[in-house]
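Each chain gets a letter, A, B and so on, in the order the sequences are listed, and its residues count up from 1.
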Amino acid sequence: MRRLALSDEILLSVQQPARYIGGEVNMCVKDPKDVAIRFAMCFPDVYEIGMSHLGIQILYDMFNRREDTYCERVYSPWTDLDKVMREQQIPLFALESQEPIKDFDFLGITLQYEMCYTNILQILDLSQIPLHSRDRGEEFPIVIGGGPCAYNPEPLAEFFDLFYIGEGETVYDQLLDSYIENKKKGGSRQEFLEAAAEIPGIYVPSFYDVTYNSDGTIQGFKPNNTHAKDKVTKELVVDMDSAPYIENPLVPFQKVTQDRVVLEIQRGCIRGCRFCQAGNVYRPLREHSLEYLKRHAVQLLDSTGHEEISLSSLSSSDYTHLPELVDFLIDYCSSRQINISLPSLRIDAFSLDVMSKVQDVKKSSLTFAPEAGSQRLRDVINKGLTEDVILQGAKEAFQGGWNRVKLYFMLGLPTEQKEDMEGIALLSEKIAEVYYDTVPKEQRHGKVQIVARSSFFVPKPFTPFQWARMCTRDEFLERAYIVKNKFREMKNFKSLKYNWHEADVTVLEGVLARGDRKVGAVIEAAYQNGALFDSWSEYFNNCLWMKAFEDCHIDPDFYTVRERSLDEIFPWDFIDAGVSKEFLKREWLLAWNEQATPNCRQKCSGCGARSFGGGVCYENKN
Amino acid sequence: MKIRIKFSKQGYMKFVGHLDIMRYFQKAMRRSNINIRYSEGFSPHQIMSFAAPLGVGITSNGEYLDIEVTDSPQTASSKAMTDRLNQAMVEEIRILSCRRLPDSSKNAMSIVCAADYTLDFSPGSQPEDLDDFFSRLKEFYGRDQILITKKTKKGQRELDLKPLIYRLERQNHSVFMQVSTGSTDNIKPEMVMEAFYQAQQLEYPKFAFRVQREEVYGQDEAGNRIPLEELGENIE
């Protein structure tokens, strides 16, 4: 019988004890004594969120195929258990073996969004591992970070021993082999870090020194160790079908956010939206073959017993074999009562036809992401979605029986004017009018419901908007009120709803996204002040952060509202993410000229990603 | 064809709540490719019902669910079906039996009338004088009335536990009880122990017992309590 790290008394006094017991279907079981490497894979958020993440599942499966490695999982204990563990000094443990993380060889932490940074410190703290890399002796695990936020790892530089830049499937084997080799010859922690620093994609922050100009910007960024490379190039899977995918995904007992099979159909995106980090750093677009996806869809459904399968990609409509794949899935799933969910589809005749086949039209709503309220601003951000296309899609959807529409926008985009903001209300109104013009009175099921939601724009590294000035909290809210007031003037006001994201947390996200090493102290201070689960609005407390900025003498405005010159050295400039800084600059200037850039399949824009030697850059060119 | 499945739930699985166990079995049916029947209508769901929800923290050797299947090789014999399902189970849930019910039989939930429990002292909770403890328990059970106040949605009501406790006795170092279970008078073992401690003017120690359900009973046509699995027959 498996022994649990926590007593019955503790487990029965916290919410959802199943978060902490492991033992799920398809969990990997190994005897820790039989392996050379114990790897704890962490998603620094609560179990239900962490278990929904595809990347971790891929790496979990991949690591555990190695006989010499046992990969286990760990998530953030919820606040109730956090308190108990601190009081009773219970070390944080892995779900599989229920043994303390501090005895592992590696602690790998995925960095999916900025607002989980204080949770990283919670994980280290509860594990009883020193927060700072420099304070960790030989006995502590190597702490490694990866994932999208590793494209600017600098705010976290002090807390991590290593960062893995890029897609995880490629050099982890090399890293683990090198760890074993170092261990065998009795090498030290430092010696392993030096060996790791020579592996492509691996960044050892302590091997670099940063110098600053008097205005606080970066003057230089140089290796201080001969093993460290000047530039760290992101890792990327060139041939998607050859990369390992999950055979038997874990099936949680609890209902998690993503309670379904997730099938990644492609990686990257051809669209080149200028605000989108994923669309830039995952370039070039690489597709899976149809045969591969069919085989895996069946395998994943059979091994989990899930009642739903969802296709994952940044823009599913761009997948070359989408019609064939959908036909196959409909055929396989309908006889087995399995639902198919198709997010990130462009709304057109094809997708409406597919959705009406796989979804309950009456219950589901349609989603458009125009991102900006006017055509002018959509050109600025290079969102190639025109008003005509939206209205045509809405018309066909209303004819097909839908009467609920969701619209996603951003506020605070570069060059944004009052007319662009008001455009959000005007576009929503036009869609409502399409409904009343299209659907005869007797066929209507009540009013049409249009919900427009705006988030506030955060400039991200490795996007053309990395130079952009971000709005202040008050500017964001002002803009939201302008939109809200415009909605009031609309004829179909009662069919329209408008809401917006929190502004405080957005500002903070902006600081962390483009932060430098100095920001690390603020994260630590905020954590010591009690900040935790910042991505959960019920726990986010802006005062804790503001006090941290004050105590560390760091001005958040430096990272957000400051204008950046084109020749400024950014904290993340030592990373080669595939898209060149020259390309990003070109795009930034085109944005100001309100000029759109064609997508990768229309015309190559020379972003730099072609150098990886695969994907859409070589389509039809053999 | 109606099938009654008996299973055990042990170890760490006691922390998985009833709703999650239902989801667990729905997925397990798919993994083991059992030809379970689906309800008609707009959002079809598996025809599956559980006899009596088990509280979080309680282990069991006698849990039941009923399903309906269409005839297929997977369900051709009790043994084949049990083996097949066990392959899809986690370590701490074991399928103990799969039996065919007469088509006319009512589902388990509607006929549940009683359940057996054993309560072991948690480590460190055992009283020094065990004989004294059990003789007090015997005296307690011998009373004509065992009145408790039960909190309900509408407020509080007084309830006499005595006629709802069918057995209460010592079993080696443990307490054994058989109590009324089901939709009308659902007695939890903790309620009985709480009443006992109260009668001794003692505060009930919340984690003193490890509770295990041993069996769940239904009523047959003659009104007798019989283990639910005995209402079905083995498929050879």
Side-chain angles (χ1 to χ4, degrees), chain A residues 1-27 29 47-48 95-96 98 248-256 259-261 298-309 333-339 359-364, chain B residues 8-48 55-59 70 85 87-94 120-125 190 205-211:
Chain A
M1 204 169 94
R2 293 176 66 235
R3 272 178 58 93
L4 299 181
L6 301 171
S7 66
D8 282 18
E9 284 80 350
I10 294 175
L11 284 167
L12 292 174
S13 58
V14 297
Q15 291 173 42
Q16 314 215 31
R19 285 167 174 165
Y20 312 111
I21 60 175
E24 304 94 329
V25 171
N26 294 334
M27 181 184 88
V29 181
Y47 179 89
E48 300 89 294
L95 294 183
E96 278 73 4
Q98 299 275 311
N248 303 307
L250 288 148
V251 187
F253 298 115
Q254 280 179 280
K255 197 165 171 58
V256 298
D259 181 32
R260 52 185 74 85
V261 165
V298 170
Q299 160 68 19
L300 295 170
L301 286 167
D302 288 355
S303 69
T304 58
H306 280 312
E307 44 281 283
E308 186 168 325
I309 182 168
C333 295
S334 61
S335 59
R336 292 171 175 80
Q337 312 285 348
I338 294 166
N339 299 318
Q359 285 168 355
D360 177 356
V361 170
K362 285 211 185 77
K363 282 183 204 157
S364 64
Chain B
S8 64
K9 184 183 178 194
Q10 291 293 330
Y12 67 87
M13 285 304 295
K14 72 178 175 187
F15 298 107
V16 178
H18 179 65
L19 289 175
D20 291 335
I21 289 292
M22 290 166 64
R23 285 168 13 88
Y24 167 84
F25 270 100
Q26 286 162 8
K27 293 185 199 281
M29 292 299 156
R30 293 173 183 281
R31 285 196 299 275
S32 35
N33 210 6
I34 299 284
N35 268 357
I36 191 161
R37 288 191 53 213
Y38 283 79
S39 66
E40 308 284 324
F42 220 61
S43 53
H45 53 269
Q46 296 182 355
I47 300 182
M48 177 186 285
V56 172
I58 302 177
T59 56
T70 50
L85 278 170
Q87 279 176 19
M89 292 293 122
V90 291
E91 189 190 334
E92 300 284 19
I93 290 194
R94 291 289 99 196
D120 290 330
F121 289 102
S122 316
S125 302
E190 294 91 338
K206 212 176 156 197
F207 299 106
F209 295 98
R210 294 202 166 155
V211 184

Heavy-atom contact with chain B under 4.5 Å, split by part of A:Glu24: backbone
Considering all heavy atoms, the nearest A:Asp259-B:Arg23 contact: OD2-NH1, 2.7 Å
Pairs of heavy atoms under 4.5 Å with chain B: top-ranked of A:Asn26, A:Leu301, A:Thr304: A:Thr304
Region of B:Glu92 in contact with chain A, defined by heavy-atom distances below 4.5 Å: side chain
Most chain B-contacting option - heavy-atom pairs closer than 4.5 Å, from A:Leu4, A:Asn339, A:Leu12: A:Leu12
Chain B interface, residue from A:Ala18, A:Ser13, A:Gly23 that has the most non-hydrogen pairs under 4.5 Å: A:Gly23
Which residues share a side chain to side chain contact (heavy atoms under 4.5 Å, CB included) with B:Leu19, sequence neighbours left out: B:Met22
Heavy-atom closest contact (B:Val56 atom, A:Pro17 atom, distance): CG1-CG, 4.3 Å
Residue-level contacts of residues 10-17 of chain B with chain A, using a heavy-atom cutoff under 4.5 Å: B:Gly11, B:Tyr12, B:Met13, B:Lys14, B:Phe15, B:Val16
Between CZ on residue B:Arg30 and CD on residue A:Gln337, distance to nearest 0.5 Å: 7.5 Å
Atom pair NE2 (A:His306) and CZ (B:Arg31), whose distance is rounded to the nearest 0.5 Å: 9.0 Å
Minimal non-hydrogen separation, A:Val25 against B:Tyr24, with atom names: CG2-CE1, 3.8 Å
Under 4.5 Å from any heavy atom of chain B - which part of A:Asp8: both
Region of A:Val251 in contact with chain B, defined by heavy-atom distances below 4.5 Å: side chain
